[in-house]
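For reference, the structure is listed below as structure tokens.
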Amino acid sequence: MEWTEPPLILIYVVLFLTIAIFSALVIWLCLKLRQHEREIIALQEGTTLSPPVSKAMSPEHDSAIDLNEVHMRSRPLSQTSGVSSVDSARKRMTIQIHKEQVNVYGNCPQIGLLMMTAQNYYKSHTNTAVDVPAEAINVVDAQTNRKTVISRLLTNDWQEGLPTSLIFDGNASSFGQIVKQNKGIFIHKTIGPKGGRMNISGVTLDIPRDALVDETLVSLGLLWNEDFAPPLTKKQTMLSPMVLCQPSGLKFKKPVKLTFPHSAYRITSDWVPKVMKREGSLENQSQWETLTLADYSQRDVGKHRITLHLNHFTLYTLVGESKQGKTAAKLVHCVAFTNQLQRGSLFKPRIYCLNSYKDEVEEVQKLQNQFEGVSKLSDTSGFIVHDTEHDILVELVKLCDGWQLNGERTEVLPFENVWHGFQPHCTFVMRQKKTTVYEMICEFHVHQAGDDNRFAKLKIAEAMPMPSSPLTPTEEDPLEDLIRELIILLDPLNTSGSEAGDWRNLAEKLDVNVSRIRWLEIQSSPTRLLLETWLESKKPLSELRDILLTINRPDAAGEVDKRAAILETHAES
């Protein structure tokens, strides 16, 4: 039987079906890979998987983002009453630094990173360059109304194991020598041959039995001052906090176990991680070096944490860069710090992009001695930043009626700032259009340029106090008014040779010892800290007035007399 060549149309049909089946298979495989990747991301961030949100796709961008191009592809800004959004936009924390109150939205970071960011916000908001001690920062959980437990440095109830801004050299119970202040948050504990454990902000130190011969004051904490950070190349990033273990150079008879979190995504396959150390005390100018085999007996790099079995103490951190041929990525999340909403004032939310540590909330929950009542939070504000040199875009997508945005609705966080991890942020400014509006509800989307389908959401909901009756007095807080007046009078040092006392004389009358006075000398307002300690003691202002007279400050005593009646009325009410 002679073979007959099939018709040409049949060949085309078979070819078309083959291509269609192959294309469908490729599309199915791509969808499964994307779904698998989203499941991994959801698992790492501790969130419930949700369907992908469609956003306008954009062409590839390099690190120089054209804002006009960004705006052209952005959808119109939504106006919303926001009533249904309030529940999903509740503030997580309220932070009070001196008399400044800040609200925090988004997945709250570890207490150390939270205080570091709060300090950065406060210094910028108040236009001051002076570091704020941890003791001056009160952090209150918005759901439980419980606040951080911090050592009170100016009273005698300082306790081992409670966070403090101080690093000691010597016996902490007598306040020995204060080596460094206001550069981080630390805990101190006396540990001897029986061993012990220390925890702070996701960092754990385990000292086994017989590792130490003598009772030793051990310090563990996190530095947040950039001056101590290792130098980084453009491709490198800090993947962990800077972890301080002191006394520096202390050696052990057995290795001690230090565990701290990192923010690397797929660290074993895509990253070249490198543990760095800086020897010596914080005062010296020693260089950062790579950890060597002489420094540790074992190193375990886990999915979210790194564990070092150390032979001695110093300062440590984890640095990383992409493996050759790989595009590394790290976990970040967005946090919004906002001022209090006030009638006639601008509303200025500041959006920070911070390293994200998966176990941060769980770890803080375990530190009952350091931080009380933290609820586990769902993180809708986390996403992944890839080593593509593409910038991070922060876009305002919803704004409730009655408010107007001043400036651009899309802000750019330069890639290098986010990659290096030192508190990159941007600020939006909004003003009221209607005086009858008493709430602010808005929503931000944050994503890396070129990766529009994967973005973080950040919702903010603030309410301002309803206007009071015109007959209600509108005087400012008389107690704060008194504190400000006394600061003006007592903060300046008396160099004229007269007998008029200043804050140093007040501190001596309040039985503040020499070491604490040295600490007060580098604070932005020693008088404020002394007065706040006095007020916490619940002693009557009449005693304070008498002390001011004994240090030859009748002018300051007169300020107390002026407000005595109204302050007593406030106290009774």
Side-chain angles (χ1 to χ4, degrees), residues 109-124 129-134 165 167 179-186 200-203 219-246 248 258 260-264 267 271-292 295 301 305-306 308 310 313-322 328 330-333 335 352-357 360 385 387 389 392 413-425:
Q110 297 170 336
I111 189 63
L113 188 56
L114 181 67
M115 287 193 170
M116 173 187 71
T117 311
Q119 181 172 159
N120 177 279
Y121 176 90
Y122 176 80
K123 289 165 67 175
S124 176
V130 180
D131 290 315
V132 180
S165 68
I167 302 175
V179 181
K180 207 71 180 179
Q181 309 85 10
N182 305 351
K183 305 302 182 184
I185 185 168
F186 316 96
I200 184 171
S201 196
V203 179
S219 301
L220 175 70
L222 290 81
L223 287 173
W224 57 49
N225 190 287
E226 294 181 30
D227 294 340
F228 298 111
L232 300 174
T233 67
K234 186 176 181 180
K235 301 296 289 183
Q236 287 180 323
T237 177
M238 279 183 60
L239 293 171
S240 76
M242 290 183 285
V243 180
L244 178 76
C245 300
Q246 281 198 337
S248 180
L258 176 67
F260 54 91
H262 66 75
S263 60
I267 190 168
W271 285 90
V272 179
K274 183 165 57 174
V275 181
M276 306 289 291
K277 66 172 183 177
R278 186 181 130 163
E279 301 280 8
S281 67
L282 296 182
E283 276 60 45
N284 64 31
Q285 301 297 320
S286 60
Q287 301 298 312
W288 284 90
E289 301 173 342
T290 304
L291 206 66
T292 67
D295 301 309
V301 180
R305 309 182 71 74
I306 182 167
L308 303 173
L310 297 169
F313 273 173
T314 189
L315 181 61
Y316 304 97
T317 193
L318 181 66
V319 171
E321 59 182 292
S322 295
K330 71 174 184 176
L331 301 168
V332 300
H333 69 268
V335 178
Y352 286 86
C353 189
L354 306 174
N355 280 2
S356 179
Y357 306 117
E360 60 192 359
V385 173
D387 185 17
E389 299 190 15
I392 307 304
L413 297 177
F415 167 79
E416 192 168 326
N417 292 354
V418 176
W419 197 243
H420 283 178
F422 283 117
Q423 307 168 66
H425 62 268

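On a predicted model such as this, the values are computed, not experimentally measured, just so you know.
- A donor-acceptor contact shorter than 3.5 Å links the side chain of Ser248 to the backbone of Gly280.
- Looking at Ile392 and Phe415, their side chains never come closer than 4.5 Å, going by heavy atoms from C-beta outward.
- Side-chain atoms of Asn417 never come within 3.5 Å of backbone atoms of Pro414 as a donor-acceptor pair (strictly under, hydrogens ignored).
- For the pair Asp295/Val275, no side-chain contact is recorded, criterion being any heavy-atom separation below 4.5 Å from C-beta on.
- For Ser263 against Ser356, the heavy-atom pair with the smallest separation is CB-O, 3.3 Å.
- Although no hydrogens or angles enter the test, the distance criterion places a donor-acceptor pair under 3.5 Å between the side chain of Ser322 and the main chain of Ala328.
- The minimum heavy-atom distance between Leu315 and Val243, with the atom names listed, is CD1-O, 3.2 Å.
- Side-chain contact between Thr290 and Met276: present, with at least one pair of heavy atoms (C-beta onward) separated by less than 4.5 Å.
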May I have the step-by-step check of side-chain contact (heavy atoms from CB on, under 4.5 Å) for Ile185 and Ile200, ending in yes or no?
CA-CA 9 Å; Ile185 185 168; Ile200 184 171; 4.1 Å; yes

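- Between Tyr352 and Pro424 there is no side-chain heavy-atom pair separated by less than 4.5 Å.
- Proximity of Leu244 to Ser219: side-chain heavy atoms (C-beta onward) are nowhere separated by under 4.5 Å.
- Closest heavy-atom contact between Pro231 and Trp288: CD-CD1, 4.3 Å.
- Side-chain atoms of Leu220 and Phe186, non-hydrogen and from C-beta on, never get closer than 4.5 Å to each other.
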What's the verdict on side-chain contact (heavy atoms from CB on, under 4.5 Å) for Leu318 and Phe260, showing C-alpha distance, side-chain angles and the deciding distance?
CA-CA 9 Å; Leu318 181 66; Phe260 54 91; 4.2 Å; yes

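- For the pairing with Pro273, the side chain to side chain contact (heavy atoms under 4.5 Å, CB included) check across Val319, Ile267, Ile306 returns one residue only, Ile267.
- When atom types are taken as modelled, the side chain of Trp419 and the backbone of Lys235 share a donor-acceptor pair closer than 3.5 angstrom.
- For the pair Met242/Tyr316, no side-chain contact is recorded, criterion being any heavy-atom separation below 4.5 Å from C-beta on.
- Looking at every heavy atom in both residues, Leu222 comes nearest to Ser201 through CD1-CB, 3.9 Å.
- Under the 3.5 Å distance criterion, the side-chain polar atoms of His420 are matched with a main-chain donor or acceptor of Thr233.
- The side chain to side chain donor-acceptor pair (under 3.5 Å) search around Glu279 returns Lys277, not counting sequence neighbours.
- Although no hydrogens or angles enter the test, the distance criterion places no donor-acceptor pair under 3.5 Å between the side chain of Arg278 and the main chain of Pro230.
- Under a 4.0 Å N-O distance rule, the pair Glu321/Lys274 does not qualify as a salt bridge.
- Asn355 places no side-chain N or O within donor-acceptor distance of the main-chain N or O of Pro241, the cut-off being under 3.5 Å.
- Looking at Leu239 and Trp271, their side chains come closer than 4.5 Å, going by heavy atoms from C-beta outward.
- The heavy-atom pair separating Gln236 from Leu232 by the smallest distance is OE1-CA, 3.5 Å.
- With hydrogens and angles left out, the side-chain atoms of Ser240 and Thr317 include a donor and acceptor closer than 3.5 Å.
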Assess whether side-chain contact (heavy atoms from CB on, under 4.5 Å) is satisfied between Leu354 and Val335, documenting all intermediate values.
CA-CA 8 Å; Leu354 306 174; Val335 178; 4.2 Å; yes

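- A donor-acceptor contact closer than 3.5 angstrom links the side chains of Thr237 and Lys330.
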